[in-house]
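This is a predicted model, so every value here is computed, not measured.
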Amino acid sequence: MVVHAHPDDEVFRTGGIMAKYAAAGHRVIAVYATRGECGEMHDPDLSAEDALPRLGEIREREVRRACAVFGVHELHFLGYRDSGMRDSDDNKRPDAFCNVPVDEAGARLAAVMRETRPQVVVTYDEFGEKGYEHPDHVMVNRVTVAAFNSLLGEPGSPEKLYYGGRSREGFRQQVEGLRTLGLSIPWLKGDFNFDEFGVPDSEITAHIDIRNVAHLKKQALAAHRTQIPPDFYYFAVPDEAFTEFMGVEHFERIYPAPQPGEQEDDLFEGISDSAAAA
């Protein structure tokens, strides 16, 4: 089970594992706290005036198409409202996801976990991904941890909890690799500090090889037409280079706590019946 804040979030950190484990015969479940009502509008075939009031509905359709690319079996929506970007007026709405009591949202997610019985749960770190820190991503971490902990000891409860992570070293290599192709990441400015973004490899406990399915990330991202402009840099990267520079996804195991220096190349390592659910 992957737990995300908004449609399109699934592609960047977990698209590879979703496709990898679905192709291997595992049952893959995606859960979204919101439908991304505060998102952007890049779809050239839609009028912003007409589409923005029903953006959540549109984004749900987009994410269902994207998840079909990855082979996801089930999608669940917790039904909360997008909180908008950090420090925006949308943060102040009482119905925004970031303002919901953690226990309430945690109970709602725990009910989904009881129904679907995943063995492995993946979500964001406590910063909502260090360097990004969207309020909904931070809240998803709190809610997922609360739900996971509330089920410990129950029959059929999840066995492992991971945080998805952006490897600092891996990201630096990705940026340098793209530069060799004359490509760059638009939001990466000249004064960008790699040491303040993502997490060091010393904190990452699982490096998952997704090279066989990496190209599907581009295809899935293209389904998010409202959020991803046609000239997004992913689409300019040739498949071979995309696989080389973005062919690993990184995770930090939170439960059970890893031993010092422990490394995994499979999120199901240590689970006896690993074919039951992801």
side-chain hydrogen bond (donor to acceptor under 3.5 Å, both in side chains) between His137 and Asp125: does it pass, once the steps are laid out?
CA-CA 8 Å; His137 288 231; Asp125 63 26; over 6 Å; no

Could you go through the side chain to side chain contact (heavy atoms under 4.5 Å, CB included) check for Ile58 and Leu46 one step at a time?
CA-CA 10 Å; Ile58 295 170; Leu46 292 177; 4.2 Å; yes

Worked verdict on Tyr32 versus Glu10 for side chain to side chain contact (heavy atoms under 4.5 Å, CB included)
CA-CA 9 Å; Tyr32 297 87; Glu10 77 284 344; 3.0 Å; yes

Does the pair Thr144 and Leu161 meet the rule for a side chain to side chain contact (heavy atoms under 4.5 Å, CB included), with working shown?
CA-CA 9 Å; Thr144 304; Leu161 174 65; 4.3 Å; yes

Between Tyr162 and Glu264, is the side-chain hydrogen bond (donor to acceptor under 3.5 Å, both in side chains) condition met? List the steps.
CA-CA 12 Å; Tyr162 289 90; Glu264 298 174 304; 2.6 Å; yes

Between Tyr80 and Glu104, does the side-chain hydrogen bond (donor to acceptor under 3.5 Å, both in side chains) criterion hold? Intermediate values first, please.
CA-CA 11 Å; Tyr80 295 107; Glu104 173 199 314; 3.1 Å; yes

Determine whether Val100 and Val143 satisfy the following criterion, side chain to side chain contact (heavy atoms under 4.5 Å, CB included), listing intermediate values before the conclusion.
CA-CA 10 Å; Val100 172; Val143 168; over 6 Å; no

Tell me, with the steps shown, if Arg93 and Asp95 meet salt bridge (charged side-chain N to carboxylate O under 4.0 Å, His left out).
CA-CA 5 Å; Arg93 291 179 59 118; Asp95 60 344; 2.9 Å; yes

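Here the side chains of Phe97 and Asn91 are not in contact, with every heavy-atom distance at 4.5 Å or above. Side-chain atoms of Asp90 and Arg81, non-hydrogen and from C-beta on, do get closer than 4.5 Å to each other. The shortest side-chain heavy-atom distance between Val120 and Ile271 falls under the 4.5 Å cut-off. Between His207 and Phe251, every side-chain heavy-atom pair lies at or beyond the 4.5 Å cut-off. Looking only at side-chain heavy atoms (C-beta outward), Ile29 and Val72 stay at 4.5 Å or farther from each other. Looking only at side-chain heavy atoms (C-beta outward), Pro258 and Thr205 come within less than 4.5 Å of each other. The shortest side-chain heavy-atom distance between Ile254 and Phe148 does not fall under the 4.5 Å cut-off. Counting heavy atoms from C-beta outward, Leu55 and Met41 have side chains that approach closer than 4.5 Å.
Annotation: cation-pi pair Lys217/Tyr234 absent, no NZ/CZ under 6.0 Å from the ring centroid and within 45° of its normal. Taking the ring axis of Phe194 as reference, the NZ or CZ atom of Arg172 stays within 45° of it and closer than 6.0 Å to the ring centre.
Between the side chain of Asp136 and the main chain of Ala5, no donor-acceptor pair closer than 3.5 Å is present. Between the Thr34 side chain and the His6 main chain, no donor and acceptor come within less than 3.5 Å of each other. Listed for the Glu169 side chain is a donor-acceptor partner under 3.5 Å among the backbone atoms of Asp201. Distance alone, capped at 3.5 Å, places no donor-acceptor pair between the His76 side chain and the Val31 backbone. Side-chain N or O atoms of Gln119 include none that pairs as donor or acceptor with a backbone N or O of Glu159 at under 3.5 Å. The closest donor-acceptor contact from the side chain of Asp43 to the backbone of Thr226 lies at 3.5 Å or more, if one exists at all. For the pair Arg168 (side chain) and Gly198 (backbone), a donor-acceptor distance under 3.5 Å is present. A donor-acceptor pair under 3.5 Å links the side-chain atoms of Arg59 to the main chain of Pro7, judged by distance alone. At least one donor-acceptor pair under 3.5 Å links the side chain of Glu262 to the backbone N or O of Gln259.
Taking the six-membered ring where tryptophan is involved, the planes of Phe197 and Phe171 are tilted, since the angle between them lies from 30° to 60°.
Nearest heavy atoms, Ala110 versus Ala147: N-CB, 3.8 Å. Taking both residues in full, the closest heavy atoms of Pro158 and Val121 are given as CB-CG2, 3.8 Å, listed atom of the first, atom of the second, then distance. Here the closest non-hydrogen pair linking Ser83 and Ser88 is O-OG, 3.8 Å. Here the closest heavy-atom approach between residue Asn141 and residue Tyr124 is recorded as ND2-O, 2.9 Å. Contact record, Leu75 with Cys67: CD1-CB, 3.8 Å, taken as the closest heavy-atom pair. For Gly71 against Ala22, the heavy-atom pair with the smallest separation is O-CB, 3.5 Å.
Val138 and Tyr163 fall into different hydrophobic clusters, defined by Ile, Leu, Val, Met, Phe, Trp and Tyr side-chain heavy atoms under 4.5 Å apart, directly or through other members. Linking ILVMFWY side-chain heavy atoms closer than 4.5 Å, directly or via other members, places Leu188 and Val199 in two distinct hydrophobic clusters. Residues Val248 and Met246 are members of separate hydrophobic clusters, defined by side-chain heavy-atom contacts under 4.5 angstrom among Ile, Leu, Val, Met, Phe, Trp and Tyr. One hydrophobic cluster, built from ILVMFWY side chains closer than 4.5 Å, holds both Leu181 and Phe232. In this structure, Val140 is a member of the same hydrophobic cluster as Met113, with clusters built from ILVMFWY side-chain heavy atoms closer than 4.5 Å.
In summary, the aromatic rings of His26 and Phe268 are positioned with their centroids under 6.0 Å apart.
Exactly one of Glu196, Glu203, Glu129, Glu252 qualifies for a salt bridge (Lys or Arg N to Asp or Glu O under 4.0 Å) with Arg166. That residue is Glu129. The side chain to side chain contact (heavy atoms under 4.5 Å, CB included) test with His224 singles out one residue from Arg65, Glu62, His42, and that residue is Glu62.
Salt bridge status for Arg86 with Glu133: present, with a side-chain N to carboxylate O gap under 4.0 Å. With respect to Arg54 and Asp50, a salt bridge is recorded, a charged nitrogen being found less than 4.0 Å from a carboxylate O. Note on Lys20 versus Asp209: no salt bridge recorded, every NZ/NE/NH1/NH2 to OD/OE distance being 4.0 Å or above. Using a 4.0 Å cut-off between charged side-chain N and carboxylate O, Glu74 and Arg27 make a salt bridge. A salt bridge does not link Arg13 with Glu249: none of the charged nitrogens is closer than 4.0 Å to a carboxylate oxygen. We find that Glu269 and Lys160 are not joined by a salt bridge, their nearest charged nitrogen and carboxylate oxygen being 4.0 Å or further apart.
Here the CG atom belonging to Leu221 is positioned 12.0 Å from the CG atom belonging to Leu216, to the nearest 0.5 angstrom. Remark: His4 NE2 to Leu78 CG distance equals 12.5 Å, nearest 0.5 Å. Atom CD of Gln174 sits about 11.5 Å away from atom CZ of Arg179, to the nearest 0.5 Å.
Annotation: Arg211, atom CZ; neighbour count of heavy atoms from other residues, nucleotides and ligands within 6.0 Å does not exceed 12. Atom OH of Tyr255 has 12 or fewer neighbouring heavy atoms from other residues, nucleotides or ligands inside a 6.0 Å radius. Counting heavy atoms of neighbouring residues, nucleotides and ligands inside a 6.0 Å radius, atom CG of Asn193 exceeds 12 of them. Counting heavy-atom neighbours within 6.0 Å of Arg142 CZ, excluding the residue itself, gives a total of 12 or less.
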